[in-house]
Amino acid sequence: MKKISIYMAAATLACSGVLVSCSDNYLAVDPETEYADSQLTDPSVARGLLNGIFESMNTIYDGYEWNQNTGESYVNTISGDCCGVDYMGLYTQGGNFHSYAFINDPSEYVNGIAWMYYYNIVNLSNYLITNISATSDNPGDTVEELLFIKASALTMRAHAYTRLLGYFGNRWEDSDNGEVYSIVMRTEPGTGESPLVKMNDVLNLIYSDCDEACKLFDMSGGTRNGSYEVNKNVACGIWARAALIKHDWQTAVDKAKIAREGTSIMDEKELFSGFAGDNSETIWSMNPNTDGIGTWSWGYKYACNGHYVSYWNRGGGAINIDLYNATDPKDIRRRFFWMPDHLAEVPKSFRGAGNLKEKDFWNPELVSYDTQDAYLWMNQGPKYNRKTKKGGMIEALAWWMYNYYQNYFTGDKSSMTSDDAQYCYYHIDRIGTDKRSVAVGNDTKGVIYAMMDINAQFGAQTKFWGNPSQYASLSMPWMRASEMALTEAEAYYMMGGKEAEARAALTEVQSKRIPNYNCTASGQALLDEIRISRRMELWGEGFGFTDMKRWNLPHIRRVWKPNDPTSGNVAPLEYSAISDDMLKLMESQKYSNGWRFRIPKRETDFNPAIDLSLLKQIN
């Protein structure tokens with residue numbers, strides 16, 4: 001009789017073969033409860049396992065030595081964004097260097113974590129799918145709760161395989177209409193040998209799982225306990241994502257419409273609330289509960305006011321200036337990022353800010369680019385010198401942050417207050433006694449406010465805010481209405497003859513982001529606008545790599561060069577050890593066999609049924 005351990009907080013539930021070779025620390029955690037898999041027909045037991053799957057999306061994987069590794073949001077950041085074009089300044093020394101070098105190395109962590117995490121979800125879901133025998137065609141006398149649980153498991157398996165195809169599979173253009181070999185497909189619980197299968201095999205399973213899940217959700221009449229669980233809307237959203245991979249444009253439109261039923265595109269006030277909680281767009285989001293996670297929470301590491309963005313001297317992520325400059329100057333989403341044009345907002349009377357020019361963002365005297373790190377620090381140059389009238393980037397940055405916090409941020413400010421001067425680079429210090437603090441204003445009682453530890457990069461983000469008293473917890477979005485609207489816009493365009501519909505879907509989002517927006521673009525210009533809007537809207541939400549990959553666009557990240565305002569804002573160290581020829585290859589669609597993550601060595605060592613020679617080579 002098989003047994004499965006239900007450990008509510010983590011991936012020690014894992015039975016996937018890829019996890020067998022994980023660290024001893026990882027496997028040493030004792031499970032809370034152990035059940036025979038035949039007991040999964042008991043709704044309370046089945047619900048316990050389903051809860052475990054949801055908890056695995058927000059918990060620590062692979063031991064405490066990798067304490068940033070906390071499920072869905074972490075994988076979205078490290079694999080989905082850092083390996084793309086638009087997101088930079090995280091992870092390790094070398095910043096986003098791993099986005100080019102690491103995905104082509106089967107021994108690298110960035111490959112292993114995505115594979116391990118999603119196959120864990122697959123395996124746990126398979127226990128429920130296999131042991132709850134009811135189907136939409138033959139539900140029998142199965143209780144409605146079990147129908148809802150099975151629908152949820154089918155949705156989670158479809159989600160995992162969709163993400164795995166995005167990272168490890170071919171682009172559709174390179175797939176011979178889906179007939180190339182791609183990844184392993186397990187549909188039964190267990191850790192036995194499993195060969196590579198074709199993309200169409202995986203896509204057919206995703207479509208079938210989503211279809212059956214939607215039917216079972218309807219039949220069950222059940223509801224989820226929170227937005228961190230799944231429902232029919234989520235299942236349709238995953239279906240739409242898979243349809244984009246397949247270039248099945250009509251399905252993408254149809255399912256995206258259903259996915260966003262009951263939601264609306266958020267307005268300006270909601271947009272600047274920091275995603276600390278759900279909003280009118282939320283379809284699926286991270287559970288903000290940090291019980292059992294504490295300082296390993298995603299927000300503690302990557303929210304703009306998370307503790308380690310300052311403590312580790314890494315910041316909370318930054319945007320690529322080329323994406324920023326591609327957006328409309330009136331686009332309110334530009335407020336999220338510290339960029340040269342924001343100098344115009346800083347009062348000229350604010351110390352040396354009046355002497356700063358946009359070109360000073362490339363001034364090596366004002367911007368730190370020490371060769372020992374891979375960051376472009378905007379707060380480590382000299383403070384304003386009244387005698388020489390030089391310096392002042394620190395003061396300008398501090399004022400901009402303070403102004404953003406006071407006049408644009410719409411979240412709960414009372415929950416953002418911290419007395420710890422080391423807490424984050426958005427800390428507002430009411431005393432300002434630290435010699436590196438910068439006075440930026442007074443409160444109603446005349447007490448001086450000062451910005452402390454303003455450890456911000458070129459392009460630093462203010463999009464994501466956590467609750468400091470709860471380890472910077474937040475409802476990180478995993479699926480929302482804007483994504484689905486922009487999915488509709490792209491799919492309508494790609495159908496041909498549907499530009500009016502594409503403009504209408506695009507306008508739903510852009511009209512809330514650009515004052516007096518009026519879309520008149522057509523042809524390639526319309527497609528470009530849809531893509532730029534999607535990249536800007538979903539920045540930091542895990543789509544950077546997979547979108548650029550499926551669009552078959554090169555991954556170009558331009559280096560910052562001293563005294564050259566025409567250069568980019570990527571830290572020079574990212575490329576210090578790469579030849580020009582290798583960099584050119586890395587930026588092209590040919591790199592890593594068509595921008596495919598390499599199947600991890602820990603999987604091929606365990607699973608001899610994998611024949612890597614079956615994978616199509618992209619020359």
To the nearest 0.5 angstrom, please state how far the [atom1] atom of [X] sits from the [atom2] atom of [Y].
X: Arg171; Y: His247; atom1: CZ; atom2: NE2; answer: 10.0 Å
X: Leu50; Y: Asn225; atom1: CG; atom2: CG; answer: 9.0 Å
X: Cys236; Y: Met479; atom1: SG; atom2: CE; answer: 9.5 Å
X: Asp211; Y: Leu154; atom1: CG; atom2: CG; answer: 10.0 Å
X: Leu506; Y: Ile530; atom1: CG; atom2: CD1; answer: 5.5 Å
X: Thr546; Y: Asn76; atom1: OG1; atom2: CG; answer: 8.5 Å

* To do: Would you kindly check if the NZ (Lys) or CZ (Arg) of Arg534 is within the cone defined by 45 degrees around the ring axis of Phe543 and under 6.0 Å from the six-membered ring centre?
  => yes
* Between Lys232 and Phe217, is NZ or CZ placed under 6.0 angstrom from the six-membered ring centre and within 45° of the ring axis? -> no
Is the [X]-[Y] ring centre distance short of 6.0 angstrom?
X: Phe409; Y: Trp465; value: yes
X: Phe336; Y: Phe272; value: yes
X: Phe168; Y: Phe597; value: yes
X: Trp249; Y: Tyr492; value: no
X: Trp338; Y: Phe361; value: yes
X: His342; Y: Phe337; value: no

Looking at [X] and [Y], does any basic side-chain N land under 4.0 Å from a carboxylate oxygen?
X: Arg334; Y: Asp341; answer: yes
X: Arg550; Y: Glu490; answer: yes
X: Glu537; Y: Arg480; answer: yes
X: Arg260; Y: Glu488; answer: yes
X: Arg503; Y: Glu499; answer: yes
X: Asp174; Y: Lys616; answer: no
X: Arg535; Y: Asp547; answer: no
X: Glu541; Y: Lys463; answer: yes
X: Asp331; Y: Arg513; answer: no
X: Lys584; Y: Asp580; answer: no
X: Lys269; Y: Asp267; answer: no

* Asked: Closest heavy-atom contact between Ala235 and Thr155?
  -> CB-OG1, 3.6 Å
Short side-chain to backbone donor-acceptor contact, [X] and [Y], under 3.5 Å:
X: Lys549; Y: Gly166; result: yes
X: Arg557; Y: Val570; result: no
X: Ser533; Y: Glu529; result: no
X: Gln461; Y: Ile319; result: no
X: Asp218; Y: Lys215; result: no
X: Asp81; Y: Asp86; result: no
X: Ser220; Y: Gly222; result: yes
X: Ser208; Y: Asn204; result: no
X: Trp172; Y: Gly178; result: no

Answer with yes or no whether the side chains of [Y] and [X] bring together a donor and an acceptor at under 3.5 Å.
X: Tyr493; Y: Glu501; answer: no
X: Glu212; Y: Thr135; answer: no
X: Asp248; Y: Tyr207; answer: yes
X: Ser175; Y: Asn170; answer: no
X: Tyr408; Y: Glu268; answer: no

* To do: Walk me through it: do Tyr324 and Asn569 pass the test side-chain hydrogen bond (donor to acceptor under 3.5 Å, both in side chains)?
  => CA-CA 11 Å; Tyr324 186 88; Asn569 69 324; over 6 Å; no
May I ask you to test the [X]-[Y] pair for a side-chain heavy-atom distance under 4.5 Å?
X: Ser280; Y: Thr263; answer: no
X: Leu553; Y: Arg531; answer: yes
X: Glu72; Y: Trp298; answer: no
X: Tyr302; Y: Ile78; answer: yes
X: Thr462; Y: Trp400; answer: yes
X: Arg596; Y: Leu615; answer: yes
X: Ser136; Y: Met219; answer: yes
X: Val202; Y: Val197; answer: yes

* Where do Thr251 and Val253 land on the side-chain contact (heavy atoms from CB on, under 4.5 Å) test, with the steps shown first? -> CA-CA 5 Å; Thr251 297; Val253 166; over 6 Å; no
* Derivation and outcome, side-chain contact (heavy atoms from CB on, under 4.5 Å), residues Val122 and Tyr161 -> CA-CA 8 Å; Val122 166; Tyr161 277 128; 3.4 Å; yes
* To do: Identify the residue among Ser475, Ser73, Ser227 that makes a side chain to side chain donor-acceptor pair (under 3.5 Å) with Ser285.
  => Ser227
* Could you go step by step and tell me if Asn200 and Glu179 meet the side-chain hydrogen bond (donor to acceptor under 3.5 Å, both in side chains) rule? -> CA-CA 6 Å; Asn200 279 334; Glu179 287 302 297; 2.7 Å; yes
* Asked: Can you list the steps and then say if Trp551 with Gln589 is a side-chain contact (heavy atoms from CB on, under 4.5 Å)?
  -> CA-CA 10 Å; Trp551 291 334; Gln589 296 94 324; over 6 Å; no
* Asked: Passes side-chain contact (heavy atoms from CB on, under 4.5 Å), Tyr119 versus Val184? Steps please.
  -> CA-CA 9 Å; Tyr119 275 109; Val184 169; 3.7 Å; yes
Distance-only criterion, 3.5 Å: show the donor-acceptor pairs between side-chain atoms of residues 238-246 and protein atoms not counting sequence neighbours.
unit_1, atom_1, unit_2, atom_2, d
Arg241, NE, Glu483, OE2, 2.8
Arg241, NH2, Trp478, O, 2.5
Arg241, NH2, Glu483, OE1, 2.9

